[in-house]
Structures are given as C-alpha cells and as structure tokens.
Amino acid sequence: MNRSMSFVLLLAILVSVADAAWEDAHATFYGDISGKETMQGACGYGDLFQEGYGLETAALSTALFNNGQTCGACFELTCVNSKWCKPNAGSIRITATNFCPPNYTPPVDIHWCNPPNKHFDLSMKMFTSIAEYQSGIVPVKFMRVKCQKRGGVRFEIKGNPNFIMVLVYNVGGAGDVNSLAIKGHKSNWIAMQRNWGQNWNTGVGLVGQRLSFTVKTSDGRSMTFYDVASESWGFGQTFEAKSNFN
C-alpha cells in the first residue's frame, strides 16, 4: 500500500471514529426568552444565573436523566437534517439541570421525553441558537463533553443540626457527581447519600466544625477540598473551593 492510500485509509478511520462519538436525539424548548421557567428543577439547582449556569441548560428525557445521576453533565448539540436548522449555526454546549418527564397520555408517540427517546428540552435561547423558533422540534446530534466552569466547586449547605444536606454545583470535568463525602475537623470521613438530583445528605451533626469534602465524578476522578467551610458556617450559606475538575 502506497503512502497516499495509507493516508486516505487513516483519514477514513478518523472520520468514522469521530462520527461514532455523536448520537441521535431531538430537541425542543420550554419557557420564554427570559428563561424564568428553567430555574430550579429536578436537579436541585436554584437560580441558574447566580450559580453560573445561565441559560446554557437543558432538561433531559428519562433515557438521559438516569434518575438524576446525570445532573451537572455537559453536552454538545448540533441541529441536523432539518430545513429549520439555522445555516452555519455550529453547535451549542449545555449543562443538564432539569428533567423532562414522560407523558403517557395518548397519542404517546408525540411525547418526545418518553422512554426510550433521547431528548433535550432546551432553554429558548439555546434552541433558537441552532434552529428557527417556529420549528418547535428538530433532530440533533449530541455527545458528552467536559464541563468548563469558572471558579471552584461550590457547596450550598442546608438542613438543621441533625440533618445536613449539601448541594454540589459548578463542577467541571465530567460535571455529574456520583459520590460525596463530608468531614468535620473532629470527625472521620462520612459518606453522604444522594437525596435528589445533586443534593446529598447525612444525619451526622457537624455544626461548629470545619468542613471538608471529597467529590467523585462519573469518570472516576476524585478531588478532596479541605476546610472549605470554617467552624462558623451556617445553614443556607454557600462555600466555594479553591479548585475544580477543569
């Protein structure tokens, strides 16, 4: 095989591998251009502007949401094979912040978030970045990508002296947390339980102790953030670590 033929074969293989990374889905949008309806949601996040997500978000169908375990993951989407795709729009990147629930009211074939469909219900801003508003729904290609977040991982502490719940957000890298442990400076490490979305809880009292956290993401990476909160931390406060998974 001569050199030119080898190059063509290698290029074909690379293109095939790149294509294989993309999956098929559909996309719609919910809410208006302000994005008010996209705030909060099934992942446990609050004001998405204050938390750094803005309107670059989506609600995922059952097939992608994985009972909340995909919350915080990032995806790249591009509109394909539709007259409603905006020319030269390129792709968008979003973070999973909500759940698009199934609807079994007949006719079920028009409810795009039903299993086994892979579907993204985008903010209006993100949908209209790649497709015309009047289309309502378009086919897309998507793939998981690394999350790029500004600043450190953040921990919002809620609950009471006998029940601590921590919302973990602004997580870079894989983005979706699948394990969280907490430690007071007078305690051992305590594995927290997923409550819902990216809210994690423990019944161990740690009031008056400096708090450290170990976060593990879905790609197996783990980081420990020491003394994120001082002894004087209070419920309702948010603390930012000095580093991230980026």
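All values below come from the heavy atoms of this structure, side chains included, with hydrogens, waters and symmetry mates left out.
- Residues N81 and K141 are not in side-chain contact: their nearest non-hydrogen atoms beyond the backbone lie 4.5 Å or more apart.
- Taking all atoms of both residues into account, the shortest heavy-atom contact from S61 to C113 is CB-O, 3.6 Å.
- N244 contributes atom CG, which lies 7.0 Å from atom CE of M223 (distance to the nearest 0.5 angstrom).
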Take N114 and Y104 through the test side chain to side chain contact (heavy atoms under 4.5 Å, CB included) and record every step on the way to the result.
CA-CA 8 Å; N114 288 7; Y104 296 105; 3.8 Å; yes
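- Between the side chain of D227 and the main chain of R210, no donor-acceptor pair closer than 3.5 Å is present.
- Taken from CE in M143 to SG in C74, the straight-line distance is 12.5 Å, to the nearest 0.5 Å.
- If you look at F99 and F65, their ring centroids are closer than 6.0 Å.
- A distance-only check finds no donor-acceptor pair linking the side chain of T214 to the backbone of A181 [under 3.5 Å].
- Between M39 and L48 the shortest side-chain heavy-atom distance falls below 4.5 Å.
- Counting only heavy atoms from C-beta outward, the side chains of F75 and L60 approach each other to under 4.5 Å.
- Using a 30° and 60° split on the angle between ring planes, F245 and F225 fall in the perpendicular class, above 60°.
- For the side chain to side chain donor-acceptor pair (under 3.5 Å) condition, the pairs that include at least one residue of residues 169-189, sequence neighbours left out, are R144-D176, D176-S218.
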Please report the C-alpha distance between K118 and D24 in whole Å, then the side-chain angles of each, then the deciding distance to 0.1 Å, and finally whether the salt bridge (charged side-chain N to carboxylate O under 4.0 Å, His left out) criterion is met.
CA-CA 8 Å; K118 294 180 179 180; D24 294 313; over 6 Å; no
Using the side chain to side chain donor-acceptor pair (under 3.5 Å) rule, take H111 and T105 through it: C-alpha gap first, then chi angles, then the decisive distance, then the call.
CA-CA 8 Å; H111 301 305; T105 304; 5.2 Å; no
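- We find that R154 and E51 are not joined by a salt bridge, their nearest charged nitrogen and carboxylate oxygen being 4.0 Å or further apart.
- Rounded to the nearest 0.5 angstrom, H119 NE2 and D121 CG are separated by 5.0 Å.
- Atom NZ of K242 is surrounded by 12 or fewer heavy atoms from other residues, nucleotides or ligands within 6.0 Å.
- The side-chain heavy atoms of P102 and P115, taken from C-beta on, include a pair separated by under 4.5 Å.
- When the options F120, F142, Y53 are evaluated for a side-chain contact (heavy atoms from CB on, under 4.5 Å) with I94, the one that passes is F120.
- Among residues two or more places apart in sequence or in another chain, the ring-ring contact (aromatic ring centres under 6.0 Å, His included) test is passed with Y133 by F29.
- Between T70 and N66, the closest heavy-atom pair is OG1-CB, 3.4 Å.
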Would T57 and T95 count as a side chain to side chain donor-acceptor pair (under 3.5 Å) if you check the C-alpha gap in whole Å, the side-chain angles of each, and the deciding distance to 0.1 Å?
CA-CA 5 Å; T57 62; T95 302; over 6 Å; no
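- V215 is not connected to Y45 by any chain of hydrophobic side-chain contacts under 4.5 Å among Ile, Leu, Val, Met, Phe, Trp and Tyr, and they are in different clusters.
- Judged purely by atom type and a 3.5 angstrom limit, S129 uses its side chain to pair as donor or acceptor with the backbone of K125.
- The OH atom of Y30 sits 14.0 Å away from the CZ atom of F127 when rounded to the nearest 0.5 Å.
- Annotation for E56: atom CD does not count as buried by contact number, only 12 or fewer foreign heavy atoms lying within 6.0 Å.
- Both M192 and F239 are assigned to one and the same hydrophobic cluster, defined by single-linkage of ILVMFWY side chains at heavy-atom distances under 4.5 Å.
- Residues I130 and A89 share a closest heavy-atom pair of CA-CB, 4.0 Å.
- Taken together through direct or relayed side-chain contacts under 4.5 Å among Ile, Leu, Val, Met, Phe, Trp and Tyr, V140 and L55 form parts of separate hydrophobic clusters.
- With 3.5 Å as the limit, one finds no donor-acceptor pair spanning the side chains of E231 and W233.
- Between A59 and C100, the shortest heavy-atom distance links the atoms CB-N, 3.8 Å.
- What you find for M124 and D32 is that their closest heavy atoms are CE-CA, 3.6 Å.
- Listed for the K86 side chain is a donor-acceptor partner under 3.5 Å among the backbone atoms of T128.
- For the pair T217 and D219, the tightest heavy-atom approach, listed with the atom from each and the gap, is OG1-OD1, 2.6 Å.
- Put simply, CE on M126 and CZ on R93 are 11.0 Å apart, with the number rounded to the nearest 0.5 Å.
- Side chains of W200 and I182 form no contact here, defined as non-hydrogen atoms less than 4.5 Å apart.
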Let's go through F155 and T238 carefully: what are the C-alpha distance in whole Å and the side-chain angles of both, what is the deciding distance for side chain to side chain contact (heavy atoms under 4.5 Å, CB included) to 0.1 Å, and is it a yes or a no?
CA-CA 5 Å; F155 305 86; T238 298; over 6 Å; no
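- Note: the hydrophobic cluster containing I190 also contains L211 (ILVMFWY, side chain heavy atoms under 4.5 Å, direct or indirect links).
- The closest donor-acceptor contact from the side chain of T78 to the backbone of S91 lies at 3.5 Å or more, if one exists at all.
- The CG atom of L122 sits 7.0 Å away from the OG1 atom of T28 when rounded to the nearest 0.5 Å.
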Let me see the working for R194 and Q69 under side chain to side chain contact (heavy atoms under 4.5 Å, CB included), right down to the final yes or no.
CA-CA 9 Å; R194 187 189 300 274; Q69 294 184 49; 3.8 Å; yes
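- For the pair Q198 (side chain) and C43 (backbone), a donor-acceptor distance under 3.5 Å is absent.
- D47 contributes a side-chain N or O that, together with a main-chain N or O of F49, makes up a donor-acceptor pair within less than 3.5 Å.
- Residues F235 and K158 form no side-chain contact, since every pair of their non-hydrogen atoms from C-beta on lies 4.5 Å or further apart.
- Linking ILVMFWY side-chain heavy atoms closer than 4.5 Å, directly or via other members, places L206 and I157 in a single hydrophobic cluster.
- Checking side-chain atoms of N160 against main-chain N and O of F163 turns up a donor-acceptor pair under 3.5 Å.
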